[in-house]
2 protein chains.
Amino acid sequence: MPTTAAQHRSVPLVRELVRTYQAFEQLSNIRVREHGLTPAQFDVIATLGNTPGMSCKQLSEKTLITKGTLTGVLDRLLEKQLIVRRVDDKDRRSLFVSLSAAGEAVFDSTFSDVVLHCGSAYDGLSDQEIVDSIAMLSKLRAAISAKLES
Amino acid sequence: MPTTAAQHRSVPLVRELVRTYQAFEQLSNIRVREHGLTPAQFDVIATLGNTPGMSCKQLSEKTLITKGTLTGVLDRLLEKQLIVRRVDDKDRRSLFVSLSAAGEAVFDSTFSDVVLHCGSAYDGLSDQEIVDSIAMLSKLRAAISAKLES
DNA sequence: TATTGTTATACTCTATAACTATA
DNA sequence: TATAGTTATAGAGTATAACAATA
């Protein structure tokens, strides 16, 4: 008898992971949009926050936004004057992207608010449950990363 | 001293949840697109699979796709002849959406393949780890759902 | 030749609000 | 009046490939 998706032991895990994150994403996206940002823009701001900046290539790798798309997202953040884009002196093919002063202000207020808002859902969990959850998610992530690289 | 995002104990959990799911989503979306479907279309097909069908309203609630958007997604699935849309005799405002024969065939092949592909990342986990992970995710989801409803 | 990022193209998703038909 | 779904609108993200500048 061949193994079908319905029989494989990991299927319930996949389904639960998807359901859990969909709920989280809904909570997060509503809050992000209340700050006047799209999820992709928030992702970029969050990635640039507390860093000196980085190249488009690095930003693309961290946010999983492909380079063609990233140009458009960065254009809109530039219009809002939340980032600065300048040529890297050492490699003139490369652009160095960082938050502007206004961008840092948005990061400080928006990122904290969104993360605290979403995180407050977990106020009922014990410290131990939080530690265990992080460890488990980390294990799941490692398994996926290994698969992505294979 | 006020509580800032960086200090709150749930912040690492939020970050790890996001990172883990982003990796999963990347793995899943690549596979979904290889089957000629967008993530939203796949979501609809997966939701309709193994059901007799449902109204647009139910489908919207399950997929978290808003009704205006859902119309467009369903239009494109209709073009591909993967779904059937017909008026509900009992409430003629309502539409009953279900998979066509072709849609069921796509569900059978695509859904299994995507779930098995993603699920195979977890082949290294023990049965107990899988059970524990599901329980933990379920707890996280319940906490988020409670927040969404508040 | 390879890499970084932009541009061009075409499509899909997204939120929102006004609208139609039915209840 | 309320609900189910469509249409209209405007904007944003997406993949992909061709391209320019630089390495």
Side-chain angles (χ1 to χ4, degrees), chain A residues 22 25-48 53-80 82-98, chain B residues 22 25-48 53-80 82-98:
Chain A
Q22 277 185 344
E25 201 170 33
Q26 186 184 16
L27 183 64
S28 169
N29 286 355
I30 289 170
R31 198 72 169 190
V32 164
R33 287 187 188 278
E34 285 171 358
H35 284 280
L37 294 173
T38 65
Q41 288 165 11
F42 178 76
D43 199 1
V44 169
I45 298 276
T47 303
L48 290 176
M54 63 191 73
S55 69
C56 290
K57 178 170 175 59
Q58 285 177 293
L59 196 50
S60 171
E61 283 165 356
K62 284 185 187 264
T63 59
L64 303 180
I65 298 171
T66 53
K67 61 180 182 177
T69 303
L70 188 59
T71 299
V73 175
L74 294 180
D75 284 345
R76 290 179 278 277
L77 287 172
L78 260 180
E79 270 174 35
K80 294 180 181 176
L82 298 182
I83 60 166
V84 176
R85 198 158 39 172
R86 66 170 189 279
V87 176
D88 183 337
D89 285 336
K90 290 162 189 161
D91 182 345
R92 294 169 39 120
R93 293 171 305 184
S94 187
L95 289 178
F96 193 79
V97 182
S98 55
Chain B
Q22 276 186 344
E25 202 171 33
Q26 186 184 19
L27 184 63
S28 170
N29 287 355
I30 289 170
R31 198 72 168 190
V32 164
R33 288 189 187 276
E34 284 171 358
H35 284 280
L37 295 173
T38 66
Q41 289 165 10
F42 178 77
D43 198 2
V44 168
I45 298 275
T47 304
L48 290 175
M54 63 191 73
S55 68
C56 290
K57 179 171 173 56
Q58 286 177 291
L59 195 51
S60 171
E61 284 164 356
K62 285 184 187 265
T63 58
L64 302 181
I65 298 172
T66 55
K67 61 179 181 177
T69 302
L70 187 59
T71 298
V73 175
L74 293 180
D75 285 346
R76 288 179 279 278
L77 288 172
L78 261 179
E79 271 175 33
K80 294 180 181 176
L82 298 182
I83 61 166
V84 177
R85 196 158 41 172
R86 65 170 190 279
V87 175
D88 183 337
D89 285 336
K90 289 162 189 162
D91 182 344
R92 295 168 37 119
R93 293 172 304 185
S94 188
L95 290 178
F96 194 80
V97 183
S98 56

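Note that the coordinates shown come from a computational prediction; the quantities given were computed from them, not determined experimentally. Values below: all heavy atoms of this structure, side chains included; hydrogens, waters and symmetry mates excluded. In what follows, every chain begins at residue 1, and chains take the letters A, B, ... in the order their sequences are listed.
A search for side-chain contact (heavy atoms from CB on, under 4.5 Å) contacts involving B:Glu34 returns B:Ile30, B:Arg31, not counting sequence neighbours. The salt bridge (charged side-chain N to carboxylate O under 4.0 Å, His left out) test applied to A:Lys62 returns no partner, not counting sequence neighbours.
A straight line from CD of A:Glu61 to C1' of C:dT4 spans 12 Å, rounded to a whole angstrom. Atoms CZ (B:Arg76) and P (C:dA10) sit 17 Å apart, rounded to a whole Å.
OP1 or OP2 of C:dA15 has at least one side-chain nitrogen or oxygen of B:Thr66 nearer than 4.0 Å.
Pairing each heavy atom of B:Gly53 with each of B:Ser98, the nearest pair is CA-CB, 3.8 Å. Nearest heavy atoms, A:Pro39 versus A:Arg33: CD-NH2, 3.4 Å. Minimum heavy-atom separation, B:Asp43 to B:Thr63: OD2-O, 3.6 Å. Heavy atoms only, all atoms of each residue included: B:Ile83 and B:Leu78 are closest at O-CD2, 3.4 Å. The shortest heavy-atom contact between A:Thr38 and A:Val32 is O-CG1, 3.7 Å. The heavy-atom pair separating A:Leu74 from A:Cys56 by the smallest distance is CD1-SG, 3.9 Å.
First and last contacting nucleotides of DNA chain D toward chain A (any atom under 4.0 angstrom from a heavy atom, 5' to 3' order): D:dA12 to D:dA23.
Here B:Asp88 lies out of heavy-atom contact (under 4.0 Å) with every strand.
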Identify the pairs formed between an N or O of the protein and an N or O of nucleotides 5-8 of chain C at a distance under 3.5 Å, and give each distance.
| from | atom 1 | to | atom 2 | distance (Å) |
| --- | --- | --- | --- | --- |
| C:dG5 | OP1 | A:Cys56 | N | 3.1 |
| C:dG5 | OP1 | A:Ser94 | OG | 3.1 |
| C:dG5 | OP1 | A:Leu95 | N | 3.0 |
| C:dG5 | OP1 | A:Leu95 | O | 3.3 |
| C:dG5 | OP2 | A:Lys57 | N | 2.5 |
| C:dG5 | N7 | A:Lys67 | NZ | 3.2 |
| C:dG5 | O6 | A:Lys67 | NZ | 3.2 |
| C:dT6 | OP1 | A:Arg85 | NH1 | 3.1 |
| C:dT6 | OP2 | A:Thr71 | OG1 | 2.7 |

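Of all the residues in residues 35-47 of chain B, not one reaches under 4.0 Å from DNA chain D with any non-hydrogen atom.
Listed by first then second residue, pairs satisfying salt bridge (Lys or Arg N to Asp or Glu O under 4.0 Å) with a partner in residues 65-77 of chain A read A:Asp75-A:Arg85, not counting sequence neighbours.
Taking 4.5 Å as the limit, every side-chain heavy atom of B:Leu77 sits out of range of all side-chain heavy atoms of B:Val97.
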